[in-house]
Amino acid sequence: MRRAAARTTLEREEVIVEVLPPPGTERLLEEIDAADQGPFAGERPPITDADGPAGFEALIEADSKIEPLDWMPDPYRQSLIRQIAQHAHSEIMGMQPEANWIARAPSLERKTILIAKVQDEAGHGLYLYATAETLGVSRDALLDALHAGRQKYLSFINYPTLTWADVGALAWLTDGAAVVNQVSLCRTSYGPYARALVRVCREESFHHRQGFDLLHTMSHGTPEQRRMVQAAVDRWWYPALAMFGPADSRSVHSARSLAWRIKRAGNDELRQRFVDMCVPQAEALGVTLPDPALRWNPGRGAHDFTPPDYDELMRVVAGHGPCNRQRLAFRRRVHEEGAWVREAAAAYAAKHAAGPDTGPAVGSAAGPDAGSAVDHAVGPVAGPAPAVAPGEDAVRPGGGGPAGDEAGWALWEVFVRARRGVSHVHAGSVHAVDAGMALRNARDLFTRRGEGVSVWAVPSAGIAASSPDEKDALFAPADAKPYRHPSFFEPPEGVDNL
Amino acid sequence: MTSPLFEEVLALGDDALVAAQRMAEWCARAPELEEDVALANIALDLLGQARALLSYAGELEGLGRDEDELAYLRDEHEFRNVQLVELDNGDFAVTMAKLLCFGTHQHLLQTDLAAGGSRLAQIAAKAVKETAYHAGHAARWTVLLGDGTAESHRRMQEAIDHVWPYTHELFEGSDRRGRWLARVEPVLEEAGLNRPEDGWAPTGGRHGVHTEALGRMLAEMQSLRRAHPGATW
Ligand SMILES: [Fe+2]
Ligand SMILES: [Fe+2]
């Protein structure tokens, strides 16, 4: 569309964005792919109470993934909940500074891209709240903690987007910082979080690139546009640097999170990586990063730079940034104003209770390409229920966990069959009052980039999971039957493709 | 000198654009996170339709105006959308009432237009799958709210009463209202809502006569683009 240079095409269901990749970002995408190939669930029985701390530590030591049914130390669970909740809150609070410009976006294409981006952030919030729910805490409880100010979100969200260039600078710098941070987190030790992050990261790199592209266009525009770009970069540079948190020497949680491999790299290392990535990108944009001390240090093989003002960071985290009050008040108001709608849907479902309590009603849905989509739900079907292997996200701790939220929106597990896939694969979960709504929500959330052609939604409460205590009875006998596997039979020499 | 086809395509493009702009106002404000994603999908669908239609209108006009010039550099009285889509969002019930009425109309109209091989038919054929979904989504919520709590029932009835007069304008010069009623009335019935009496029928959108709401909406939508004449974004 705009330039003839080599470009990458990032497809969104309705949004095809061709953008110049910011210099230095290819490696990040490769790392996401590598994390995606890493060790995954379902390859071993869960750690039981009997295995205890030793079993857990051995898995961490072996760089394996911890799964929801595994025994885990309570502080590990609490650290994860704290980190995932803060991440989820940041996704949904981060919608506000950008939504601020949707109505005024200066072209229909930019408006399209911005709506898609803000929508993605809502989707990220959903993936992450669902991930937290695998740890036995409900989305409602987490939202209450956010609204009451007991849990935090990233501090950059408390700065204002004053011009259209801020939309670009925010995406280039803060989504860029998020990508650097989260690419490293894709290798986190908690399986459901790692898998959610792979998905989040792929989408964040679209955000990062569209922000760079927006600034690139403006920085080649009128003098006034160029001034807007520089002013916006001046505003967002330090809030972005602060996203990596305090220096490791001052960080309360860093060391333990690293030991448990919840975090995979320290704050200082990631911040350095981000600065080194931004310098050539700023050059390509023709903007000056607002740090006179920023220069290449050949001795370290890295850029020296002025760290963010950690006292300011702490002030903003404590609630005294320019927009803290406004952002939180907005979020509370949205939640309160939506209460009658959530209650109405739950009341309707209770009246017409063919709901989740009646067992595993599996709906089937076609993807967004299917013609009439007036109602996908086909109600309970006789076909095979989706098999859920031990250790997968769908299995809630204790077989139960949060069954839904206060207003009575139950939790549904979503299984998507990919375009060329043969079977439905667990994709995550949504909240809904009935099968029809669950399918719509699942379709909107998990197939908006055309990922699927068929969706199942299954009430979480209706999934029977094997218990860790039965692991020997259930799975050990299979270990003794190698003859069931084709690899047991050595093909005779010269016989290929058997 | 403009052709009837240009007028028709422009009117449909303006309907979609104004409806998209309103729907996008819900971003970050929906009653539930899942619904935020759903409403954004609908806004994106409508915006995609608007862009295809306005680009085509610009070509038909032959004056070199593209989708953005038509969207951002026309004044209120040059917009040809029906008044229904420009009405303020109101609460979630009003938004769903608007979407039920408009989406059902769009779906019927696009189904008719999609027969044939013209450029407009192609645009309609793509859009018709999307509007089927919009109409279904709105119908579902109309039933949930109408048959939910006492408060949601009251709000949904007020919403239907509020938008009903504006639905007459959708059918000026067409015979689709009968088929439209055949779709909408059963939804209202299932929701336990009264079908409002026909009576007052405000009109004028197709000739550039609008409610006060459109001027405010365009003032916001066009402000940045108009502040920087000739700039590229
Ligand atoms: Fe995000
Ligand atoms: Fe993002």
Side-chain angles (χ1 to χ4, degrees), chain A residues 13-15 92 95-96 99 102-112 115-116 118-119 122-123 125-126 129 164 214 217-218 221-222 224-225 330 334 337-345 347-348 351-352 368-375 409 430-433 436-437 440-441 444-445 448, chain B residues 17 20-21 24-25 27-41 43-45 47-48 50-51 54 67-68 71-72 91-93 128-130 132-133 135-137 139-141 143-149 151-153 155-156 217 220-225 228 230-233:
Chain A
E13 185 188 335
E14 279 302 323
V15 187
I92 68 165
M95 295 165 75
Q96 289 182 42
I102 288 175
R104 292 173 288 172
S107 76
L108 296 185
E109 182 177 71
R110 291 289 179 203
K111 189 190 293 288
T112 305
I115 294 170
V118 175
Q119 182 196 38
L126 284 167
Y129 285 121
W164 174 250
L214 186 164
T217 303
M218 284 182 78
T222 65
E224 201 170 348
Q225 284 177 305
F330 181 98
V334 165
E337 286 178 356
W340 71 270
V341 178
R342 297 190 298 274
E343 285 160 13
Y348 175 90
K351 273 189 241 179
H352 302 262
D369 292 339
S372 170
V374 172
D375 203 340
W409 288 40
V430 293
H431 289 232
V433 295
M437 189 192 282
R440 286 170 183 287
N441 290 345
D444 286 335
L445 184 60
R448 64 194 195 285
Chain B
L17 175 62
Q21 178 78 4
E25 290 175 11
C27 286
R29 301 170 188 262
E32 182 67 292
L33 272 175
E34 279 87 350
E35 190 62 18
D36 222 299
V37 176
L39 296 183
N41 263 353
L44 285 170
D45 287 344
L47 197 49
R51 293 178 64 191
L54 292 179
E67 59 180 41
D68 287 326
Y72 289 93
D91 65 8
F92 186 68
V128 77
K129 298 172 189 166
E130 298 167 348
Y133 193 83
H137 190 80
R140 190 73 196 138
W141 272 114
V143 171
L144 288 183
L145 298 178
D147 192 16
T149 62
E151 180 183 9
S152 71
H153 177 83
R155 286 180 186 251
M156 197 64 231
M217 190 186 105
E220 183 180 40
M221 185 178 104
Q222 299 177 335
S223 59
L224 175 60
R225 181 97 186 186
H228 300 268
T232 303
W233 301 96

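Letters A, B, ... are given to chains in the order of the sequence lines, protein chains preceding strands, and every chain is numbered from 1. Just so it is clear, the model here is predicted, and its values are computed rather than measured.
Without hydrogens or angle criteria, A:Glu337 side chain to B:Pro31 main chain gives no donor-acceptor distance under 3.5 Å. Using a distance-only test at 3.5 Å, with no hydrogens or angles considered, a donor-acceptor pair links the side chain of B:Asp36 to the main chain of B:Ala30.
Aromatic ring orientation, B:Tyr133 versus B:His137: parallel (interplanar angle below 30°, classes split at 30° and 60°).
In terms of non-hydrogen atom pairs under 4.5 Å with chain B, the most contact-rich of A:Thr222, A:Val118, A:Leu126 is A:Leu126. Interface remark: of the candidates A:Met218, A:Gln225, A:Met95, A:Gln96, A:Gln225 forms the most heavy-atom pairs closer than 4.5 Å to chain B. Note on B:Met221, B:Met156, B:Glu25: by heavy-atom pairs under 4.5 Å with chain A, the leading option is B:Met221. Considering only heavy-atom pairs separated by less than 4.5 Å from chain B, the leading option among A:Pro106, A:Gly338, A:Ala105 is A:Pro106. Chain B forms the most heavy-atom pairs under 4.5 Å with one residue out of A:Trp340, A:Phe330, A:Trp164, A:Tyr129, and that residue is A:Trp340. Of all the listed residues (B:Glu67, B:Arg155, B:His228, B:Arg225), the one sharing the greatest number of non-hydrogen pairs under 4.5 Å with chain A is B:Arg155.
Neither side chain, B:Glu34 nor A:Trp409, offers a donor N or O lying under 3.5 Å from an acceptor on the other.
Looking at A:Ala99, only its side chain comes within 4.5 Å of chain B, counting heavy atoms on both sides. At a 4.5 Å heavy-atom cutoff, A:Leu214 makes no contact with chain B through either its backbone or its side chain. B:Leu39 does not touch chain A: none of its heavy atoms, backbone or side chain, sits under 4.5 Å away. Looking at B:Leu47, only its side chain comes within 4.5 Å of chain A, counting heavy atoms on both sides. Both the backbone and the side chain of A:Ser107 come within contact range of chain B, judged by heavy atoms closer than 4.5 Å. At a 4.5 Å heavy-atom cutoff, the contact between B:Phe92 and chain A is made by backbone and side-chain atoms alike. Only the side chain of B:Ala71 comes within contact range of chain A, judged by heavy atoms closer than 4.5 Å. For chain B, the nearby part of A:Glu224 is the side chain; its heavy atoms alone come within less than 4.5 Å. Neither the backbone nor the side chain of B:Ala50 comes within contact range of chain A, judged by heavy atoms closer than 4.5 Å.
Distance check: A:Lys111 NZ to A:Arg104 CZ gives 10.5 Å after rounding to the nearest 0.5 Å. In this structure, CZ on A:Arg440 lies 10.5 Å from CH2 on B:Trp141, to the nearest 0.5 angstrom. Once rounded to the nearest 0.5 Å, the distance linking CG of A:Leu108 with CG of B:Leu54 reads 7.0 Å. To the nearest 0.5 Å, atom CG of residue B:Leu145 and atom NE2 of residue B:His153 are 11.0 Å apart.
Sparse packing is recorded around CZ of B:Arg29, with 12 or fewer heavy atoms of other residues, nucleotides or ligands lying under 6.0 Å away.
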Using the side-chain contact (heavy atoms from CB on, under 4.5 Å) rule, take B:Trp233 and B:Asp68 through it: C-alpha gap first, then chi angles, then the decisive distance, then the call. CA-CA 11 Å; B:Trp233 301 96; B:Asp68 287 326; over 6 Å; no
